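See structure below.
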Amino acid sequence: MPIRQPEIECLNAEELKDMQGKLLSSQVKRMYENVVCFRGRMDEAGLKPDDIKCIEDIGKLPFSYKSDLRDYYPFGLFAVPMKNIVRTHASSGTTGKRIVVGYTAKDLDVWSDCIARMLTGIGVTDDDIVQVSFGYGLFTGGFGLHGGAEKVGATVIPMSSGNTALQIQTMADFGATVLCCTPSYAMHLGEEAKRMGMIDSLSLRIGIFGAEPWTEEMREKIEETLHIKAYDIYGLSEIMGPGVAEECEYQCGMHIWEDHFYPEIIDPDTCERLPDGSTGELVLTTLTKEGFPLIRYRTRDICRLNRTPCRCGRTHVRLMKPQGRTDDMLIIRGVNVFPSQIEEVLMHVSGNIITPNYQIIVDRVNHTDTLDVLVEMSRELFADNVKSVENLEKSITEQIRSALGLSPRVHLVNPNSIIRSEGKAKRVIDKREGKI
Ligand code: DLL
């Protein structure tokens, strides 16, 4: 069944604020009663739930952090008794304990509604066959897309990630029309399908990709390779999973479902709230979550909100492509660099002479940071002479230098020599840890 809710998706700004204010004040009351950590922070700040009456009051509330989820591992931040929690997910993270999240039956229903809204917006219906190639399990990607696709009545292929040849065979045999996975894995699936001579056996028309940063240029490459329209989807385990924000048919930023999530942009250093349109850290508040609500959660994602009207008529604010995370930002010889800035340069190299596969290696030699960028050549360039490879390396070096103000060493490496990921791509290897 299509999930189209114009009475919510197209609410005017005043009505939306009014709704958010009411939801926030009842969320704060519930959390004050049920979540020890939150009550402690409110008491410390001298705040009582009655102080929160409208959405503008949100600025008074304390932030919450990823470390809270570790400190209260596994279930200490849940706001309902465990018997009301019907599902848990977890995110591995790179350091320390996993973070664990929990959902009530209503939370799961809201989750699939959010995804179903997007699917409906981009034209996915009960005639579609949706291959979900995000991982199933503790990761939220697989189950998240699965619930939404079932809700619109599509036929779901719960593939999970991995086993690339079987993915392609299944897509072809079952006639999948929609593919959901990370953008880096979509690119890999496209390359492999081409190599296997199976691109023309696929019936794909739509791709839904997210869980990692990807550039507009990468979107073009994926669309061209798989002959589809590719849409961006954003989310994080702590807040719900995929579906916090999603693109509509116009592919120009992801609508944050503001009847469920309230976004703010802050300066990550001063914590000051920034006006709409500024780039900064995204802070999210869940307005309707029962099992595991969070107030003013510091996502660490660096992005910008766009409140200009969208052609689709939806009024919910758009999240413009996240650049990366504050904790992924590299500081190389004093210059701040996001991997996505390097990707943007590489994707602009014309003529299909390099592939979209790259890796960034940062090290420290003789007290000086070094930046090496490995880029895979296409088969055509590989067959060409050494001189043209050297010239291209020089030209890419120059392009990165002028974009970042920092000179890298660019190495064109053999086709298929960079390891492909089946989930989130690992683009950066930073060897500086522990070095002076
Ligand atoms: O990656 C949830 C997800 C699954 C989103 C499938 C989209 C599709 P986590 O593993 O908790 O959850 O990682 C969340 O991934 O804070 C961002 O840094 C990054 N991220 C997620 N979606 C996007 C996106 C899932 N579309 C973290 N663009 C977030 C850029 C994204 N970064």
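Since this is a predicted model, take the numbers as computed values, not measurements. Note: hydrogens, waters and symmetry copies are ignored here, and every other heavy atom, side chains too, is used.
At least one side-chain heavy atom of Gln251 sits under 4.5 Å from a side-chain heavy atom of Arg219. Counting heavy atoms from C-beta outward, Leu179 and Leu202 have side chains that stay 4.5 Å or more apart. Within the 4.5 Å cutoff, the side chain of His316 has heavy atoms near those of the Leu16 side chain. For the pair Lys48 and Tyr32, the minimum side-chain heavy-atom distance is below 4.5 Å. Using a 4.5 Å heavy-atom cutoff, the side chains of Leu61 and Met42 are in contact. At a threshold of 4.5 Å between non-hydrogen side-chain atoms, the residues Asp259 and Thr288 do not count as touching. Taking 4.5 Å as the limit, some side-chain heavy atom of Val428 sits within range of a side-chain heavy atom of Leu330. His146 has its side chain within reach of Glu150: a pair of non-hydrogen atoms, C-beta onward, lies under 4.5 Å apart.
Of the possible polar contacts, one joining the Glu212 side chain to the Ser184 backbone as a donor-acceptor pair under 3.5 Å is found. Formation of a donor-acceptor pair under 3.5 Å by the Lys424 side chain with backbone atoms of Thr182 is not found in this model. Gln167 contributes a side-chain N or O that, together with a main-chain N or O of Ser160, makes up a donor-acceptor pair within less than 3.5 Å. Distance alone, capped at 3.5 Å, places no donor-acceptor pair between the Gln359 side chain and the Ile429 backbone. Glu258 places a side-chain N or O within 3.5 Å of a backbone atom of Val317 that can act as its donor or acceptor partner. Side-chain atoms of Thr286 come within 3.5 Å of backbone atoms of Leu294 as a donor-acceptor pair (strictly under, hydrogens ignored). At distances below 3.5 Å, not a single donor-acceptor pair connects side-chain atoms of Thr285 with backbone N or O atoms of Ile295. Listed for the Ser25 side chain is no donor-acceptor partner under 3.5 Å among the backbone atoms of Lys53. Although no hydrogens or angles enter the test, the distance criterion places no donor-acceptor pair under 3.5 Å between the side chain of His188 and the main chain of Pro183. In terms of modelled atom types and a separation under 3.5 Å, the side chain of Ser133 and the main chain of Met159 share no donor-acceptor contact.
Both the sub-6.0 Å distance and the 45° axial angle are not jointly satisfied by Lys17 relative to the ring of Tyr262.
More than 12 heavy atoms of other residues, nucleotides or ligands lie within 6.0 Å of CG in Leu166, so this atom counts as buried by the packing criterion. At most 12 heavy atoms of other shown residues, nucleotides or ligands fall within 6.0 angstrom of atom CZ in Arg4. Counted within 6.0 Å of NZ on Lys194, heavy atoms from surrounding residues, nucleotides or ligands total 12 or fewer; the atom is thus considered open.
Side-chain rings of Phe143 and Tyr136 approach one another, their centers coming within less than 6.0 Å.
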Determine, step by step, whether Gln399 and Ser395 satisfy the side chain to side chain donor-acceptor pair (under 3.5 Å) criterion, reporting the C-alpha distance in whole Å, the side-chain angles of both residues, the deciding distance to 0.1 Å, and the verdict. CA-CA 6 Å; Gln399 290 174 53; Ser395 143; 3.1 Å; yes

For a side chain to side chain donor-acceptor pair (under 3.5 Å) check, start with the C-alpha distance between Glu192 and Thr164, then their side-chain angles and the critical distance, and finish with the verdict. CA-CA 8 Å; Glu192 277 303 294; Thr164 303; over 6 Å; no

Checking salt bridge (charged side-chain N to carboxylate O under 4.0 Å, His left out) for the pair Asp128/Arg205: CA distance, chi angles, key distance, verdict? CA-CA 10 Å; Asp128 278 294; Arg205 60 186 192 92; 2.8 Å; yes

Give the intermediate values and the outcome of side chain to side chain donor-acceptor pair (under 3.5 Å) for residues Glu246 and Tyr231. CA-CA 8 Å; Glu246 301 158 313; Tyr231 298 90; over 6 Å; no

So Arg318 and Thr308, side chain to side chain donor-acceptor pair (under 3.5 Å) or not? Walk me through it. CA-CA 8 Å; Arg318 279 173 288 156; Thr308 61; 3.1 Å; yes

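A distance of 4.5 Å separates CG in Leu24 from CD1 in Ile55, rounded to the nearest 0.5 Å. A distance of 11.0 Å separates CD1 in Ile353 from CE in Met377, rounded to the nearest 0.5 Å.
Using a 4.0 Å cut-off between charged side-chain N and carboxylate O, Lys321 and Glu247 make no salt bridge. Checked for salt-bridge contact, Asp328 and Arg300 miss the test: no charged N lies under 4.0 Å from a carboxylate O. A salt bridge between Asp68 and Arg41 is present, with a side-chain N of the basic residue lying under 4.0 Å from a carboxylate O of the acidic one. With respect to the salt-bridge test (charged N to carboxylate O, under 4.0 angstrom), the residues Lys221 and Glu224 do not qualify.
Here the closest heavy-atom approach between residue Leu284 and residue Leu236 is recorded as CD1-CD2, 3.9 Å. Of all heavy-atom pairs spanning Pro356 and Glu191, the tightest one is CD-OE2, 4.1 Å. Val283 approaches Arg298 most closely through the heavy-atom pair CG2-CD, 4.0 Å. Across every non-hydrogen atom of Pro293 and Ala79, the tightest pair is CD-CB, 3.6 Å. The two residues Arg117 and Trp257 have their closest heavy-atom pair at NH1-CE3, 3.2 Å. Residues Glu290 and Asp107 come closest through the heavy atom pair N-OD1, 2.8 Å.
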Listed pairs under 3.5 Å, donor-acceptor, residues 120-127 side chains, sequence neighbours left out:
residue : atom : partner : partner atom : Å
Thr120  : OG1  : Ile3    : N            : 2.9
Thr120  : OG1  : Ala116  : O            : 2.8
Thr125  : OG1  : Asp127  : N            : 3.0

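Listed by chain and number, the residues in a ring pair (Phe, Tyr, Trp, His ring centres under 6.0 Å) with Phe78 are Phe75, Phe292 (sequence neighbours excluded). Under the rule for a ring pair (Phe, Tyr, Trp, His ring centres under 6.0 Å), His255 has no partner lying at least two apart in sequence or in another chain.
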